[in-house]
Structures are given as C-alpha cells and as structure tokens.
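As structure tokens, the structure follows; a few thoughts come after it.
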Amino acid sequence: MPLDLRAILTTVAALLSGILAALALTNPVLRDWAIVASPSEVDRWISSGPTAVGLGAVVAVLACALSQRRGSRRAAWIAIAVGVAVIAIVRAVVPEVASLDLLIALIIVKSVAAGAILGCAVAVSWDRTATKNAVLLGVLATFLAVRTFAGGTGRMSTSSVGEPSWWLIGAAAAAAVACAVTAQAGFRIRKPDTGEIRIALVVIAALAIGHRVIGAVVDRQQYASEATAWFVMVLAAGAALALTWIAAYRLGDTSGAGGKFLWAATALAAASAPLFVDIAKGSGHWGQLKSPWVMVLFAALPVAVGLRLHKRVPRLVAIVVLVAVPLSELLPFDSAHGTWSIALKIAALGLAAGLLFGSLAPGSLVDATLGLAIPFAAMTFSSIAILTDQLTAPPEFTAAEIQRFMEFPIPAHVSADGGLFGRGVGITVDYVTAQTVGAAVLFTLIIGFCGAAILRRSHPPVDTAESRIEPEPVD
C-alpha cells in the first residue's frame with residue numbers, strides 16, 4: 001500500500017497544533033514571584049492567567065464553529081498558521097516587556113491564539129481516526145507533562161511554564177502552511193447544526209465563567225479558618241459538579257453527543273489537580289530522572305496506548321485508575337511524592353485519559369473542542385487542590401527542633417538521593433493526617449461522581465438535530 005504523504009503531513013500538523021495549543025493554554029499558579037511590583041499589580045497578573053485561559057476555551061469553540069460554517073480546510077489551516085504567528089510574536093516580544101499591563105495583554109492575546117489553534121485543529125482533524133488521535137495525543141500528553149518544565153519562581157513571562165520553544169513554533173507553522181497549500185478543495189469540513197453550535201457556545205461560556213468565579217471564591221479562603229475553608233471547598237466542588245451536570249444534560253450523552261466526553265474531561269481535571277500541586281512544589285528537582293523530558297514519555301506513551309486500546313478496555317477500568325491517583329496521597333510520604341511516584345501517576349492519568357477520551361470522543365466537532373478545553377478551564381479543582389495542600393502541609397519545626405533532628409545519623413539503608421524529587425533525606429513527620437484523608441476523599445468523591453455519570457445509561461441530547469449523531473470516523 002503506497003504511503004499517503006498528504007495524510008501523514010496532516011497527522012503531524014494536527015499533533016503539533018495540539019501540543020502548541022495545550023502548551024499556550026497552560027498557566028499554573030506559582031507561590032513565589034521574582035517580580036518587583038505592588039501587591040495589587042502582582043495580584044492582577046496572577047488572576048489574569050485563569051481569566052485568559054477561560055477566554056481561550058470560549059474562543060476555541062467559536063473558532064471550531066466558524067471553521068465548520070466556512071467548510072474550507074485550507075482556510076482552517078491558514079487560521080492555525082496565523083495563530084502560530086501570533087504566538088511567535090508574543091514569544092519574541094516578552095523578553096522586552098517592562099510593564100505588567102502589557103504582559104497581561106500578551107497573556108490574553110496568546111490564550112486567544114491558542115484557543116483558535118485548538119478549535120481549528122479539531123475542525124480539520126476530527127473526521128479521520130489518525131488525525132483525531134493525533135490531536136488527542138498532543139493535547140492530553142502536553143496537559144499532563146508540561147508542568148514539569150515550570151520554574152520554581154515566576155518571572156516576566158506569559159506563563160509559569162515558560163514560552164513555547166522556537167522549534168515547536170517553527171514546526172507547527174511550517175506544517176500548517178504545508179497543509180494549507182496541499183489541502184484538497186473537494187474534501188471539506190462537514191456542515192454544522194445551528195442548534196449544536198448555539199448549545200456548545202452557551203455551555204463553554206457558562207463553564208468557563210462558572211469555574212473562574214468558583215475558583216476565585218476558593219482562592220480567597222487562604223487565610224480563613226480550617227472549618228470555613230473545608231466548608232467552602234465542599235460547596236465549590238458541589239457547585240462545579242452541578243454546573244457540569246446541567247451542561248452535560250444539554251449536550252446529551254448518547255453515542256456521538258458530548259455529555260459523557262465532558263464528564264471525562266472533568267474527571268481528568270479533578271484527578272490531575274493534586275498531582276500538579278506536587279509537581280509545582282518540586283519543579284526543577286527530578287532526582288534520578290535528571291530531566292523533565294522523561295516525564296513527556298511517561299505522559300505520551302500511556303495516552304497513545306489508551307487511544308489504541310479504548311475499544312478493548314472497559315471504561316470502569318479507566319475510572320478506577322483515575323480514582324487511584326488522589327487515593328495514593330494516603331501512602332507514606334516518599335511513596336506518594338517521590339520522583340518515580342510522580343512519573344507513575346502521570347502515566348496512570350495518561351492511560352486513563354487515552355481510554356476515556358478515545359472511547360467517548362463525540363461526533364460533534366464543537367462538543368469535542370469543548371471537552372478538550374475543559375481540563376485547562378476547570379480551575380475550581382486546581383484551586384481546591386492548592387487550598388487542601390496548604391491545609392495538609394506538614395507542621396513547621398522550630399530551629400531547636402530542626403537542629404535536634406539533624407543530629408540523628410542517617411541510616412545506612414537510606415539513600416541520600418531519596419526524599420521528595422531526589423532532594424535528599426527529609427524530616428519524618430506524621431504526613432497522613434485527618435486533613436490529608438479529607439483531601440483524598442474529596443477528590444475521590446468528585447471523580448467518582450464523574451465516573452458514575454459516564455457509566456450510567458444514556459439519554460438523548462436536548463434540542464439538537466439528528467445530524468448531531470455522527471458515525472465513528474474511519475481512515
């Protein structure tokens with residue numbers, strides 16, 4: 001069978017577009033900032049990140065809808081190339097920026113460009129299995145692995161994980177331009193249903209705004225009493241799940257609809273949130289793994305395996321894997337937070353994500369874009385994870401207590417490379433506390449609720465046409 005060079009080029013372009021879009025939409029919050037500015041200015045800068053990501057998610061669905069309405073694959077690839085060019089301009093300008101206001105504007109511009117890339121990439125790739133899986137692989141693997149590249153301290157940048165590398169920008173731009181040049185005029189993007197676009201836009205706007213508001217409420221509990229903080233977190237989790245349930249009901253969860261795909265994306269966002277907090281605390285310290293690039297393999301390979309095997313593995317298996325990740329916090333400290341345990345958690349999330357996203361991928365292009373944007377925009381769970389980490393942090397020791405601990409000899413069987421992220425032997429504390437158990441149980445319940453929604457009997461979508469249900473794409 002002769003090689004189809006056009007199909008190979010499209011698959012590579014879809015992969016690179018997914019990677020770049022996911023990287024540009026990732027902006028985790030850090031605790032330390034190497035920036036000289038007033039507290040109010042720094043607070044505006046920190047809050048602009050989640051707001052920009054939410055806006056990017058809305059733009060992604062809108063870009064996908066516009067690409068469908070136009071129907072031209074060449075135009076969609078040109079739009080992707082323009083989005084890559086915008087990110088390149090931001091990348092070039094950032095080192096010269098001396099104003100936080102300008103930096104905030106660049107954050108918003110980059111997120112909008114990333115959203116446009118994501119939406120157009122889904123529009124041109126979703127009708128073929130190979131290109132669809134390439135987009136899924138690029139987005140999911142990047143979502144799981146990119147935080148390992150974050151520095152320990154914030155700097156003048158549009159993201160705490162840094163700017164996209166020039167080689168990625170150049171490769172994505174070249175691939176998009178090549179696809180635009182070689183696009184076949186007769187092979188068009190299928191026409192959308194007006195009802196499904198309207199519902200998808202309303203749903204993504206409601207979810208983006210809802211998660212941003214709920215996450216902001218949780219963020220304000222940093223100095224509240226422990227009882228108040230837990231009360232707010234439980235209410236926030238319930239509100240986020242209720243909002244997701246309404247959105248999923250509107251999308252429907254029959255074969256080809258986007259409701260269960262939305263639940264899978266929400267479950268991934270919740271399961272990964274505590275892990276990302278651990279990664280943020282250990283950024284730059286990878287012990288025996290030496291480089292965060294190893295984490296890319298631990299993310300990409302399981303995602304690829306999950307996408308390949310999603311028809312053979314029951315969805316319940318993927319849900320159990322997702323639940324196991326927050327429950328692993330109850331293991332001994334080094335077992336739960338060591339370098340290899342972080343890598344295994346990333347791999348577990350990648351496998352579960354590949355299985356669920358592969359099996360639940362909707363036929364609707366806008367619903368697919370919506371689901372892929374949710375892990376980035378579901379900021380409620382990241383805010384809860386940060387707050388629970390603050391509540392469950394080991395107790396601090398006085399100088400005299402630390403000196404007394406340091407006088408103890410290190411046992412011969414303990415490696416000097418052990419401890420959190422290979423930073424050496426730490427001080428043993430009673431890590432599994434009531435707060436730790438409470439945090440693990442809370443995230444387990446959130447994921448379990450999402451899993452129950454995925455496994456329950458399907459119902460038809462609301463107010464949508466029959467054209468919403470599409471057959472499984474084939475090569």
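We use all heavy atoms of the structure for the numbers below, so side chains are in, but hydrogens, waters and symmetry mates are not. Just so you know, these numbers come straight off a predicted model, no measurement behind them.
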Please determine whether side chain to side chain contact (heavy atoms under 4.5 Å, CB included) holds for the pair Val232 and Arg220, giving the CA-CA distance in whole Å, both sets of side-chain angles, and the decisive distance to 0.1 Å.
CA-CA 10 Å; Val232 171; Arg220 295 194 187 101; over 6 Å; no

Could you tell me whether the side chain of Ser125 and the main chain of Val122 form a donor-acceptor pair under 3.5 Å?
no

Run the side-chain contact (heavy atoms from CB on, under 4.5 Å) test against Leu62 and tell me which residues pass, sequence neighbours left out.
Leu66, Leu201

Quick one: does Trp77's side chain have a donor or acceptor within less than 3.5 Å of a partner on Val124's backbone?
no

Could you grab the distance from atom OG of Ser165 to atom CG of Leu23, nearest 0.5 Å is fine?
7.5 Å

Mind listing the closest non-hydrogen atom pair of Gly448 and Val323 along with its distance?
N-CG2, 4.5 Å

Do the non-hydrogen side-chain atoms of Thr244 and Cys450 ever get within less than 4.5 Å of each other?
no

If you define the side chain from C-beta out and look only at heavy atoms, does anything of Thr11 sit under 4.5 Å from Arg128?
yes

What is the minimum heavy-atom distance between Phe261 and Pro362, and which atoms define it?
CG-CD, 3.5 Å

In the structure I gave you, are the side-chain heavy atoms of Ile117 and Ile87 within less than 4.5 Å of one another anywhere?
yes

On a heavy-atom basis, the closest approach of Gln68 and Arg190 is NE2-O, 3.3 Å

Ala172 and Val84 have their tightest heavy-atom pair at CB-CG2, 4.2 Å

Just checking, is any N or O donor in the side chain of Ser225 or Thr228 under 3.5 Å from an acceptor N or O on the other one?
yes

For Leu136 and Trp126: C-alpha separation, side-chain torsions, deciding distance, then whether side chain to side chain contact (heavy atoms under 4.5 Å, CB included) applies.
CA-CA 10 Å; Leu136 288 172; Trp126 211 251; 3.8 Å; yes

Would you compute the distance between atom OG1 of Thr266 and atom CD1 of Ile446 and round it to the nearest 0.5 angstrom?
10.5 Å

Atom CG of Leu301 and atom CD1 of Ile346: how far apart are they, to the nearest 0.5 Å?
12.5 Å

Least distance between heavy atoms, Ala267 atom then Ile447 atom:
O-CG1, 4.2 Å

Is there side-chain contact between Glu329 and Lys345, with heavy atoms separated by less than 4.5 Å?
yes

CZ of Arg250 to CD1 of Ile199: how many Å apart, nearest 0.5 Å?
5.0 Å

Taken to the nearest 0.5 Å, the spacing of Leu387 CG from Gln222 CD works out to 8.0 Å

Apply salt bridge (charged side-chain N to carboxylate O under 4.0 Å, His left out) to the pair Arg73 and Asp127, showing each step before the final yes or no.
CA-CA 12 Å; Arg73 293 181 182 273; Asp127 284 333; 3.7 Å; yes

Using only atom types and a distance under 3.5 Å, with no angle test, would you say the side chain of Lys260 pairs donor to acceptor with the backbone of Arg456?
yes

Less than 4.5 Å apart, any side-chain heavy atom of Lys191 and any of Arg69?
no

Kindly indicate, with the supporting measurements, whether the criterion side chain to side chain contact (heavy atoms under 4.5 Å, CB included) is fulfilled by Gln390 and Gln221.
CA-CA 11 Å; Gln390 295 170 350; Gln221 309 308 311; over 6 Å; no

Is there a side-chain contact between Leu15 and Val135, using heavy atoms and a 4.5 Å cut-off?
no

Any chance you could lay out the ring pair (Phe, Tyr, Trp, His ring centres under 6.0 Å) test for Trp263 and Phe449, step after step, and finish with the verdict?
CA-CA 9 Å; Trp263 280 117; Phe449 189 91; 5.7 Å; yes

On a heavy-atom basis, the closest approach of Pro274 and Ala271 is CD-O, 3.7 Å

Judged by atom type as modelled, is there a donor-acceptor pair below 3.5 Å linking the side chain of Ser382 to the main-chain atoms of Ala378?
no

Compare all side-chain heavy atoms of Arg315 with those of Leu356 and state whether any distance is below 4.5 angstrom.
yes

Walk me through it: do Leu55 and Ser111 pass the test side chain to side chain contact (heavy atoms under 4.5 Å, CB included)?
CA-CA 7 Å; Leu55 178 60; Ser111 297; 5.9 Å; no

Distance from Ile384 atom CD1 to Trp230 atom CH2, nearest 0.5 Å?
9.5 Å

Judged by atom type as modelled, is there a donor-acceptor pair below 3.5 Å linking the side chain of Arg188 to the main-chain atoms of Arg70?
yes

Under a 4.5 Å cut-off applied to non-hydrogen side-chain atoms, are Asp367 and Leu262 in contact?
no

If you look only at pairs with a residue in residues 368-391, which of them pass as a ring-ring contact (aromatic ring centres under 6.0 Å, His included), with sequence neighbours excluded?
Phe143-Phe376, His211-Phe381

